[in-house]
Chemist: 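Submitted below is the structure of interest, expressed as structure tokens.
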Amino acid sequence: MTNSRNKGASFESEIANLLTNDLGLKNNIRRILEQTREKHLPDLRLGRWNIECKRYGSGAEPLEAWWKQVQDATNQNNGIPALVYKFDRRPIKVRVPIGAINPMLHINSPFIADLLWEDFIFLLKELYQEDIDFQNE
């Protein structure tokens, strides 16, 4: 039987490494270890981005509670929520507010978009260079 805490920590580390490599960061993204004790902390941060990571065996759509969890963490610091999720035999996807894709829309809009990992990286590089630069400081 798989230990879900270890599985979650492993996926968080995998996503931290992917972000570091795919964005060419000088400073590694690190897991926020206090998030296991503090309720309203995300798993990872990149500038203003609060990132929650979920790895699950079966399924295709993330649970609404997962999105609520990252929104609650984001409401604590006025950041931007992102839910990174993966199911077995499916690609990594990232749920973001629609306003993160189109700056003309409000970031706190209730509307969301699910992106493939490569699309999320493209979004960060094109629209959120200041968050990448902040991580590199």
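We number each residue from 1, following the sequence as shown.
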Chemist: Main chain of Ile29, side chain of Thr20: is a donor-acceptor contact present, judged purely on distance under 3.5 Å?
Modeler: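 Present.
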
Chemist: Checking the side chain of Asp88 only, and the main-chain atoms of Ser58 only, is there a donor and an acceptor separated by less than 3.5 Å?
Modeler: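 A pair under 3.5 Å: no.
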
Chemist: Between the side chain of Arg90 and the main-chain N/O of Gly59, is any donor-acceptor distance below 3.5 Å?
Modeler: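 Here the side-chain-to-backbone pair exists.
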
Chemist: Tell me whether Lys125 contacts the main-chain N or O of Asp22 through its side chain, where contact means a donor paired with an acceptor under 3.5 Å.
Modeler: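 Yes; judged by distance alone, with no hydrogens or angles, the pair exists.
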
Chemist: Between Asn17 and Ser13, is there a donor-acceptor pair closer than 3.5 Å when you use the side chain of the first and the backbone of the second?
Modeler: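 Pair found, side chain donor or acceptor close to backbone of Ser13.
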
Chemist: Verify the distance criterion only: is there a donor paired with an acceptor across the side chains of Gln71 and Asn75 at less than 3.5 Å?
Modeler: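 Checked: Gln71/Asn75 side chains show no N/O donor-acceptor pair below 3.5 Å.
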
Chemist: Looking only at atom types and distance, does a side-chain atom of Tyr128 sit under 3.5 Å from a main-chain N or O of Ala100, one as donor and one as acceptor?
Modeler: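 Here the side-chain-to-backbone pair exists.
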
Chemist: Would you call the rings of Trp66 and Phe87 parallel, tilted or perpendicular, taking 30° and 60° as the class edges?
Modeler: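 Parallel, since the angle between the ring planes stays under 30°.
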
Chemist: Salt bridge check: are Lys86 and Glu14 linked by an N-O gap of less than 4.0 Å?
Modeler: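 No, this pair does not count.
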
Chemist: Determine, step by step, whether Lys68 and Glu52 satisfy the salt bridge (charged side-chain N to carboxylate O under 4.0 Å, His left out) criterion, reporting the C-alpha distance in whole Å, the side-chain angles of both residues, the deciding distance to 0.1 Å, and the verdict.
Modeler: CA-CA 10 Å; Lys68 174 120 176 61; Glu52 188 68 32; over 6 Å; no

Chemist: Evaluate the side-chain proximity of Val96 to Leu115: yes if any heavy-atom separation is below 4.5 Å, no if none is.
Modeler: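 Yes, side chains in contact.
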
Chemist: Could you check whether Lys54 and Gln69, counting side-chain N and O atoms only, form a donor-acceptor pair closer than 3.5 Å?
Modeler: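 Checked: Gln69/Lys54 side chains pair up, N/O donor to acceptor below 3.5 Å.
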
Chemist: Do Asp114 and Tyr85 have a side chain donor and acceptor closer than 3.5 Å?
Modeler: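 On atom types as modelled, these side chains qualify, holding a pair under 3.5 Å.
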
Chemist: Do Asn50 side-chain atoms and Pro81 backbone N/O form a donor-acceptor pair below 3.5 Å?
Modeler: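 Not a single qualifying donor-acceptor pair exists.
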
